[in-house]
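Please read through the structure below; I'll follow up with questions.
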Amino acid sequence: MFFQKGVVALLAAAMLLAEQAHAQDKLAASGRRQMLRRTNHKKTSHKKKHTVPAAVDVPPATVGKEELVQPLPPITDNARTEEEDPIVHVTIGLTEIEATEEHPDFVLPTLPANEKTPLIAQQIEALSDDVQIEQVIPQIKMATVSIHKSKLKSLQANKKVDFVETIDDVEIYEDTYLDGETIPQGVNIISGPQFPVYHNSPAECTNPDSIKVAVLDGGLDVGHWDFEWCGVNPLNGEGLPGREVRCMGQAFLPAANAANGEDWYNSRRSHGVHVAGSIGASGRNGKGVLGSISDEGFCLMVMRVFGDDGRISVSQLEDAIVQSAQLGARVITMSLGTKRYLHGLHNAIKGAQQLGAILVGSGGNRGDNSLNYPASFPEVTAVAAVENDGTRAWFSNYGDYISISAPGVGQLSTEPRWDDTPFTTIERVNGDGTVYEGGLFQYTDYIGIAGVEGPLKNCGSIQGRCPGQGGHICLISKTDAPFHTLARRCSRGGGIAAIIINDSEDQLRGRMEVISEIPQYAAIPVIGVTASTGVELRRQANPHVMFSLKNPLYTDPGVLAAGYSRKSGTSMAAPLVAGALGSIWRQCPLCKSNEVMGCLLDTAEPLGDEQEFGRGLLQAATAAQCLSANTCCSTVSENSVETLTPSTAPTPSPSESPTTRPSSSPTRSPTRFPSASPIVHGTGPCHEACASKHKFCTFRVSAVCTNSACTGLCVAAVNSGEIGAEFLGKCRSEWCPEDVPCGATTTCDAAKTVCEASCGV
């Protein structure tokens, strides 16, 4: 009996031990599952917030009390917590892409990017079971991944890996130094006395022959008056019906910014809009400011990498650089920088250069000789900033990497116009000086410095047209009718502007209506005023009394109106160089990037120490002359571009009132930098154009052709040396009149006589 009791006791003890062991196994499995789930959750959170996740706590076991009286000791598997082994973001570059049965060695080089992406992803995933791929840049065999820090050494040791670099602690900033004391003259300084010079260039972004200039920055406000030439819907970034689309873009933003609806076309971040304006603000609209390519004759490629809050992703920036070049950008400008060398960023720069792009970078604003990437990479043209008198801006970096200089202090350019409605002045011509104020509606014509003049016409609630003598300014009562309908009724009656009068003392502000996500643009300026202002204007309405409407750039001396600002920094100097490169290159599109850069650097005006100024001050006009004399520019293709003398006087740079405080830097001396020689293309003497026209008429005398065939003869005449390349545009647009036979020499000869008579030769 005693023996039997002993056996039973032993069996009971064994069963208890077995149950305890089973409970421990359950607890361990549960804990590991919880850890795995939480780890995966933390990875997702980490990617969004870029923060190191907290350590994972394993919950207590859920074992029945009747099965386990005493608590179990803690179970450890020697695993590190995430505090000890955090998840990090890294860029991985591969030495090569491995061949597969489906894609053998001889096929790999020709694979398109979308087919290389899964191959690279598979190869990287095979390197470690801990890796999580976030982004692949197939063109340069590179990817961004998240991985535990403890696995980095084994990853770096793998022979298939070219490099591994962490990117969580990289700081990339916009190279801007804010300052409002200096009056900007940058565009005029670099362009010479012939600015602006117009080119009859293909500009639609879908045209493979358009010159594309890419801006990697904080995006664009395409609804801005100086960017209406883009032809892009400011609500969705799509092309407007019936418009030539001259701006294109893509957002390369952190996930949180993209989720917030931020895109390339709707930026509220002033830095990127200012940079874009320094390149492409229109000089043909009589409004605002003008950029270094002010004739709207190019494709502006906006690759947005900064969010409205200033956040930026390193991997997205690298992708944007490569994508810009792949989409055909001839020039890529980057007004941004980091102190840290990044292998992945360098690979992206080299990849873009290999595709034929010229890369421009801001030299940095620390005022010392520290490096500033990407400008410090040898493949990038690094731009220093100078004052308007040619001295180095105090904040501008210096060193061996500086290539060239451009004005970068107090530069005037465009600003997002989201938060303010530009005020409009309404004043009686030759009156007592009383000025009324109104607010300009969005999606209407910006009036500009020149103004709009006409008599006031009281149209009431304007149920139909509001006819007058034509050229009048409509006074319209606010009704339930859409604003764009009121504006249309005014213009159909011959009105040149509409003033809509509110029914209260609130300033009437707003925009034209949007239908099916398409703004209903008004072809005339539309201004809103208060009820009392409306009473005063109606009292003075008279067909013989003229009123003037203006949207001045300055509200008061030195105070800029909405949509414009001054900024200083190498960020402001870099786009002047990028714009000059685009303008120069389009006159000789067959030239190579090294030939274009050679002329840009060789013609720079020396300023002194090359560590501070590089080759010197950018001289766009003389660089254009240099390139036009190059043999690469001697043969003109059918799709070549040319410079045209404008038929009307070009819009001058806006006059700028002096600041309320005197400038801290001296006024630029007229003799400090000799003016560049005039650009040859499109500015030859009038009689030379007439003679060339006569030569062309003789050249085509035996041809019987349509207008389109005649334009082909223009190219043949240039290539044969009968006429100069600078007259190609005139030949196409003026010397080949539609429906006139090409053999009609009498028409040409008569036109030549008239031409020379107007020249006085």
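Fair warning: this is a prediction, and the values are worked out from it, not measured in the lab.
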**Asked** Hey, is Arg304 close enough to Glu262 for a salt bridge, meaning N to O under 4.0 Å?
**Response** yes
**Message:** If only side-chain N and O atoms count, and only distance matters, is there a donor-acceptor pair under 3.5 Å linking Asn233 with Tyr265?
**Reply:**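 Distance-only check fails for Tyr265 and Asn233.
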**Asked** Shortest non-hydrogen contact from Gly219 to Val302?
**Response**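 Taking every non-hydrogen atom into account, CA-CG1, 3.8 Å.
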**Message:** For the CD1 atom of Ile524 and the CZ atom of Arg492, what is their distance to the nearest 0.5 Å?
**Reply:**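 CZ of Arg492 is found 11.5 Å from CD1 of Ile524.
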**Message:** State whether cysteine residues Cys466 and Cys490 meet the disulfide criterion of an SG-SG distance below 2.5 Å.
**Reply:** no
**Request:** Evaluate the ring planes of Phe227 and His224, with Trp represented by its six-membered ring, and classify them as parallel (under 30°), tilted (30 to 60°) or perpendicular (over 60°).
**Result:** perpendicular
**Request:** Would you kindly say whether Lys212 and Ser324 are connected by a side-chain donor-acceptor distance under 3.5 Å?
**Result:** no
**Request:** For Asp309 and Arg311, work out which heavy atoms get closest and say how close.
**Result:** OD2-NE, 2.8 Å
**Request:** Starting from the C-alpha separation in whole Å, work towards a yes-or-no answer on side chain to side chain contact (heavy atoms under 4.5 Å, CB included) for Glu505 and Asn502.
**Result:** CA-CA 7 Å; Glu505 285 308 298; Asn502 204 357; over 6 Å; no
**Sequence neighbours excluded - ring-ring contact (aromatic ring centres under 6.0 Å, His included) pairs with any residue from residues 464-506** =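 Sorted result for residues 464-506: Phe441-Phe483.
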**Message:** Assess, by modelled atom type and distance only, whether the side chains of Arg538 and Ser477 contain a donor and an acceptor separated by less than 3.5 Å.
**Reply:**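 Judged by distance alone, the side chains do pair up.
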**Complete:** Taking every heavy atom of Ser270 against every heavy atom of Lys567, the minimum-distance pair comes out as OG-NZ, 3.1 Å
**Request:** Ignoring hydrogens and angles, state whether a donor on the side chain of Ser548 or Glu427 is under 3.5 Å from an acceptor on the partner side chain.
**Result:**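 No.
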**Request:** Could you tell me whether the side chains of His271 and Ser571 share a donor-acceptor contact shorter than 3.5 Å?
**Result:**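 Indeed, the side chains of His271 and Ser571 share at least one donor-acceptor pair under 3.5 Å.
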**Request:** Please indicate whether Glu517 has more than 12 foreign heavy atoms, meaning atoms of other residues, nucleotides or ligands, lying under 6.0 Å from its CD.
**Result:**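 Atom CD in Glu517 is not crowded, with 12 or fewer foreign heavy atoms closer than 6.0 Å.
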Name every donor-acceptor pair, under 3.5 Å, that has one atom in a side chain of residues 237-245 and the other anywhere in the protein, sequence neighbours excluded.
| residue | atom | partner | partner atom | Å |
| --- | --- | --- | --- | --- |
| Arg243 | NH2 | Glu228 | O | 2.5 |
| Glu244 | OE1 | Arg246 | NE | 2.7 |
| Glu244 | OE1 | Arg246 | NH2 | 2.8 |

**Request:** Just do the ring-ring contact (aromatic ring centres under 6.0 Å, His included) check on Trp585 and Phe298 with the steps written out, would you?
**Result:** CA-CA 11 Å; Trp585 209 340; Phe298 75 112; over 10 Å; no
